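Taking it in order: structure first as structure tokens, then the write-up.
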There are 2 protein chains.
Amino acid sequence: MTRQDRHIEVEDWTERFAGPRSLPRALRDELVARSRIIKVAAGKQIFGPGQATDSLLFLLEGTVRVSQTSESGREIVLYRAVAGQSCVMTTACVLAEDAQAAEGVAETDVRAVALPKSVFDEMVSLSPDFRDFVMSAYRRRIHDLLRVIDDVAFGRIDGRLANRLLELAGTADSLSVTHQQLATELGTAREVISRQLHEFQRRGWIVQSRGKIDIEDRDALAHVVDSV
Amino acid sequence: MTRQDRHIEVEDWTERFAGPRSLPRALRDELVARSRIIKVAAGKQIFGPGQATDSLLFLLEGTVRVSQTSESGREIVLYRAVAGQSCVMTTACVLAEDAQAAEGVAETDVRAVALPKSVFDEMVSLSPDFRDFVMSAYRRRIHDLLRVIDDVAFGRIDGRLANRLLELAGTADSLSVTHQQLATELGTAREVISRQLHEFQRRGWIVQSRGKIDIEDRDALAHVVDSV
DNA sequence: GCGGCAAGGTGACTTTGTCACGGACGCCAG
DNA sequence: CTGGCGTCCGTGACAAAGTCACCTTGCCGC
């Protein structure tokens, strides 16, 4: 990456995250010097237990899946950080400090700004906009976690599964995913997913093939989601 | 409360939460004028859906139980904010902004500083110590929520119940609590709790009477907690 | 074609949640 | 004291979800 490219990137992200109004020129110049743009290939772990990071990541492109693994080895997806949404801070900072079993994995190729903690602190103190951004990021995460708790504690898995299928598919009507991956999404066991998908297929809502699911009846699936 | 009392309170809490070092005299004086000490009786709701608050609470005395209720009416306790611990900010701010189903209830009589949002923002921008305090409060909450998710998704209820019994009892070996209350703590149904307690009693770990549980064998209960 | 491996299927069983009761206890009015 | 009433708790039958063990099927490289 040339120096010019890098400068362009920085101009871009400081305006996106901090707001041009409240970020003094001097501070921005210092940020140019003290941050760097990193790329992570799809599938790589970005943060996780036993991996102390002292920088925070701000997504420019790609999505990061954040999940938690229990002692017994079972896993559940907590949320996704998606570039382009309002909230693009991976909570590396939060989760890395607990030596918890939370980890973040790049789901696609990821491009992000790595901001050292010291710089982060400066920005928080100097830029009200940046501060708002950080606060709303935390709020958003807590909101996501509350949703997970509600689903896991009170939701039925048929509805939760139907929901994930529609979410993961987006506008497409076919998605490549294994039963095990879906089980991990929902924090349950593969057999449970297999049985539910079998039932969905029996009803003609989906068609399964190895590692792939075709959605045949969106409305029926959507109906299951909120019938719960 | 006399003017003198009030001043003492303020001296007290600003030093506790913001650190004397980094809070300018002028700001502190303004805080004296712009905050107030409130009291809440045990059992009263402090924040909840449909109750917009524009001030934040910092606990001086008492404990606040924060729980979430699903559409179906089932409830689960998310965490407790306890005065005297490092983290005493109720997340009214966070949870109130989502019109979510999270609510905070005073478990004991509560005394707290009510800080208007505008003053909160000023303090965040002016005091690094206060900022750290707020950040670590958020971290702590997220940590608590991750624990809840782990328990609900992967934990067995016998272990979770034994854990709550020991937590709620503290050092006492008797606690006044109904099966329904315990069910709410764990986000499950009363019948489930009744059956488990029946089993605990059969094994001689506890003795039940109406609305009351006597702990007979702490070690056995503690062993169930981590056998899970 | 074939060996090996990951994906998926299945049955038996346990644990947890749901539903519909009914009985027990405390408390207060008559 | 007695009859109601509300809360608390017990229980059985069932449904939903998770666990365990083992099997089959499709796929890919050789």
Side-chain angles (χ1 to χ4, degrees), chain A residues 43 69-76 148-165 174-203 206-214 224-225 227-228, chain B residues 43 69-76 148-165 174-203 206-214 224-225 227-228:
Chain A
T69 305
S70 75
E71 300 157 12
S72 60
R74 267 175 63 191
E75 197 177 343
I76 184 170
V148 172
I149 290 174
D150 198 88
D151 282 357
V152 170
F154 309 125
R156 298 171 51 92
I157 61 110
D158 53 358
R160 297 210 291 139
L161 176 56
N163 187 38
R164 283 300 164 117
L165 289 179
S174 168
L175 65 168
S176 291
V177 66
T178 68
H179 294 188
Q180 181 56 62
Q181 286 173 317
L182 288 169
T184 295
E185 290 280 334
L186 302 179
T188 182
R190 181 190 56 79
E191 297 93 315
V192 176
I193 298 297
S194 292
R195 278 194 273 264
Q196 286 295 330
L197 288 178
H198 190 79
E199 179 63 16
F200 286 178
Q201 175 157 347
R202 193 187 65 73
R203 299 190 186 179
I206 62 170
V207 172
Q208 296 189 69
S209 45
R210 191 186 178 85
K212 178 160 158 284
I213 295 173
D214 294 294
V224 173
V225 170
S227 79
V228 182
Chain B
T69 304
S70 74
E71 301 157 13
S72 60
R74 267 175 63 192
E75 197 177 342
I76 184 170
V148 172
I149 290 174
D150 198 89
D151 282 356
V152 171
F154 309 125
R156 299 171 52 90
I157 62 108
D158 53 357
R160 297 209 290 140
L161 176 56
N163 187 39
R164 284 298 166 117
L165 289 178
S174 168
L175 65 167
S176 292
V177 66
T178 68
H179 295 189
Q180 182 56 62
Q181 287 173 317
L182 288 169
T184 294
E185 290 280 334
L186 302 180
T188 181
R190 181 191 56 81
E191 296 93 315
V192 176
I193 299 297
S194 293
R195 278 194 277 263
Q196 286 296 329
L197 288 178
H198 189 80
E199 179 63 17
F200 286 177
Q201 175 157 346
R202 194 187 65 74
R203 299 189 187 179
I206 63 170
V207 172
Q208 296 188 69
S209 46
R210 190 186 178 86
K212 180 161 157 285
I213 295 173
D214 294 295
V224 173
V225 170
S227 78
V228 182

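Every heavy atom of this structure was used, including side-chain atoms; hydrogens, water molecules and symmetry mates were not. All of these numbers come straight from a predicted model, not from anything done at the bench. By convention in this document, chain letters (A, B, ...) are assigned in the order of the sequence lines, proteins followed by strands, and residues within each chain are numbered from 1.
Regarding A/Ile193, its CD1 atom lies at a distance of 16 Å from the P atom of C/dT10, rounded to whole Å. Straight-line distance from the CG atom of A/Leu175 to the C1' atom of C/dA7: 15 Å, rounded to whole Å. For the pair B/Gln181 CD and D/dC9 P, the interatomic distance rounds to 9 Å; values are reported in whole Å. One atom, NE2 of B/His198, and another, C1' of D/dC9, lie 11 Å apart when rounded to the nearest Å. Rounded to an integer number of Å, the gap from CG of B/Leu182 to P of D/dG10 is 12 Å. If you take CD1 of A/Ile206 and P of C/dG8, they are 11 Å apart, rounded to a whole angstrom.
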- Query: Can you give one letter per nucleotide of nucleotides 23-30 of chain D, 5' to 3': B if a protein heavy atom sits under 4.0 Å from the base, S if only from the sugar-phosphate, - if neither?
  - Reply: --BBS---
- Item | Sequence-aligned protein contact record of nucleotides 14-20 of chain C, with B where the base is within under 4.0 Å of a protein heavy atom and S where only the sugar-phosphate is | -SSBBBB
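With sequence neighbours excluded, the residues satisfying side-chain contact (heavy atoms from CB on, under 4.5 Å) with B/Val177 are B/Leu175, B/Gln181, B/Leu182, B/Ile213. Contacts of B/Ser209 classified as side-chain contact (heavy atoms from CB on, under 4.5 Å), with partners at least two apart in sequence or in another chain: B/Lys212. With sequence neighbours excluded, the residues forming a side-chain contact (heavy atoms from CB on, under 4.5 Å) with A/Leu186 are A/Arg160, A/Leu161, A/Arg164, A/Thr188, A/Ile193, listed by chain and number. Listed by chain and number, the residues in a side-chain hydrogen bond (donor to acceptor under 3.5 Å, both in side chains) with A/Gln201 are A/Gln208 (sequence neighbours excluded). Remark: B/Glu191 pairs with no residue by the side-chain hydrogen bond (donor to acceptor under 3.5 Å, both in side chains) rule, at least two apart or across chains. Considering only residues two or more places apart in sequence or on other chains, A/Gln180 meets the side-chain contact (heavy atoms from CB on, under 4.5 Å) condition with A/Thr178, A/Ala183, A/Thr184, A/Arg190. For A/Glu75, there are no salt bridge (charged side-chain N to carboxylate O under 4.0 Å, His left out) partners two or more places apart in sequence or in a different chain.
Not a single donor-acceptor pair under 3.5 Å links the side chain of B/Arg74 to the backbone N or O of B/Ala189.
Checking the phosphate oxygens (OP1, OP2) of D/dG10, a side-chain nitrogen or oxygen of B/His179 falls inside 4.0 Å.
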